[in-house]
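Okay, so here's the structure we're looking at.
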Amino acid sequence: MTTDTTPAAGDDAEEPDRTVEEPALTVDELAARAGVTVRTVRFYGTRGLLPPPVIGPRRVGHYGREHLARLALIEELQHQGMTLAAIERYMQQLPSDLSAHDLAIHRAVVASWAPDLVEPVTREELQRRAGRALDDDDLERLAAMGVVRQDGDTCLVDLGLLRLGVGLLDVPLSQEAILASRKVLIEHSRAAAHELSQLFRGEVSRRDARDVKSLSAHMEPLVVQALLTTFQRSLKEELREWSSETGRSS
């Protein structure tokens with residue numbers, strides 16, 4: 001399952017670039033970044049869960065952000081208790097051209113249903129799950145974000161936040177900005193949850209018991225989807241305006 005990007009003789013020079021989006025990773029590097037084995041990566045490839053790598057110089061396969069994002073989504077689906085067959089059905093329903101960004105959004109939705117789970121692990125196991133080496137500074141940043149807490153030789157890890165925290169380690173923002181962002185998100189999400197709860201309570205008080213049960217069963221997934229969609233669109237609009245302002249000032 002590979003894709004050769006070497007142009008054949010006579011190919012049009014205008015053909016779209018098919019190189020993998022940075023970073024270009026070997027199968028060993030991809031497995032290490034994703035916290036899985038090379039055998040697992042190749043197994044997922046044979047099952048159609050991962051697109052084929054791009055073949056570069058010396059016939060070496062290279063993987064990119066989309067592959068990492070798909071592996072993270074598969075891992076999250078496994079944490080939700082889904083079988084391999086169920087994961088395959090889920091992944092087959094996704095558009096084949098989803099970007100790493102879109103896949104990350106899917107994973108965020110899946111992760112939102114994960115129960116609060118703090119698990120004690122060794123530092124070695126933590127690094128395996130993170131898919132990368134973690135130095136003392138990384139652990140301090142993860143602790144400040146509420147992802148990890150040291151307990152002697154053991155690390156207490158919030159598994160629902162681990163991928164998010166590890167991803168933030170590479171974001172070019174100061175620790176202060178990240179923590180301030182976390183505070184803003186928590187405060188506003190709690191305020192939105194409270195106001196929506198009050199609104200729904202007003203509706204429930206005028207309905208019978210069966211309607212109350214039905215509303216409770218449907219409310220959370222619908223509200224989460226609505227909040228995620230609304231926030232994503234609002235953020236895109238803010239970034240678009242920011243980009244326009246930056247372009248005018250340069």
Grouping I, L, V, M, F, W and Y whenever their side-chain heavy atoms are under 4.5 Å apart, do [X] and [Y] come out in a common cluster?
X      : Y      : result
Val184 : Met145 : no
Leu84  : Leu71  : yes
Leu30  : Val38  : yes
Val148 : Val171 : yes
Leu94  : Leu68  : yes

Does a salt bridge link [X] with [Y], judged by any charged N lying under 4.0 Å from a carboxylate O?
X      : Y      : answer
Asp136 : Arg123 : yes
Glu124 : Arg129 : no
Glu237 : Arg233 : no
Glu29  : Arg33  : no

Indicate yes or no: at least one non-hydrogen side-chain atom of [X] is less than 4.5 angstrom from one of [Y].
X      : Y      : value
Arg47  : Glu88  : yes
Val41  : Val36  : yes
Leu169 : Leu134 : yes
His67  : Pro51  : yes
Leu139 : Gln150 : yes
Val166 : Asp138 : no

Would you sort out whether Val27 and Val60 count as a side-chain contact (heavy atoms from CB on, under 4.5 Å), showing the intermediate values?
CA-CA 9 Å; Val27 65; Val60 175; over 6 Å; no
Between [atom1] on residue [X] and [atom2] on residue [Y], distance to nearest 0.5 Å:
X      : Y      : atom1 : atom2 : answer
Thr37  : Arg128 : OG1   : CZ    : 9.5 Å
Leu50  : Met91  : CG    : CE    : 7.0 Å
Arg190 : Glu195 : CZ    : CD    : 15.0 Å
Arg132 : Leu126 : CZ    : CG    : 11.0 Å
Ile87  : Ile74  : CD1   : CD1   : 7.0 Å
Leu173 : Ser181 : CG    : OG    : 6.5 Å

Please name all residues satisfying side-chain contact (heavy atoms from CB on, under 4.5 Å) with Ser189, sequence neighbours left out, ordered by chain then number.
none
Search all heavy atoms of [X] against all heavy atoms of [Y] and return the closest pair with its distance.
X      : Y      : answer
Leu77  : Tyr90  : CD1-CD2, 3.6 Å
Gly146 : Asp158 : O-CB, 4.2 Å
Pro120 : Leu156 : CB-CD2, 3.6 Å
Leu162 : Ala130 : CD2-N, 4.4 Å
Ala69  : Leu103 : CB-CB, 3.7 Å

Whether the Asp102 and Ser99 side chains hold a donor-acceptor pair (N or O, under 3.5 Å, no angle test) is what I'd like checked.
yes
Verify the neighbour count for atom CG of Asp135: are there more than 12 heavy atoms of other residues, nucleotides or ligands below 6.0 Å?
yes
Audit row: Glu66, Leu98, side-chain contact (heavy atoms from CB on, under 4.5 Å) steps and yes/no
CA-CA 8 Å; Glu66 179 192 346; Leu98 282 184; over 6 Å; no
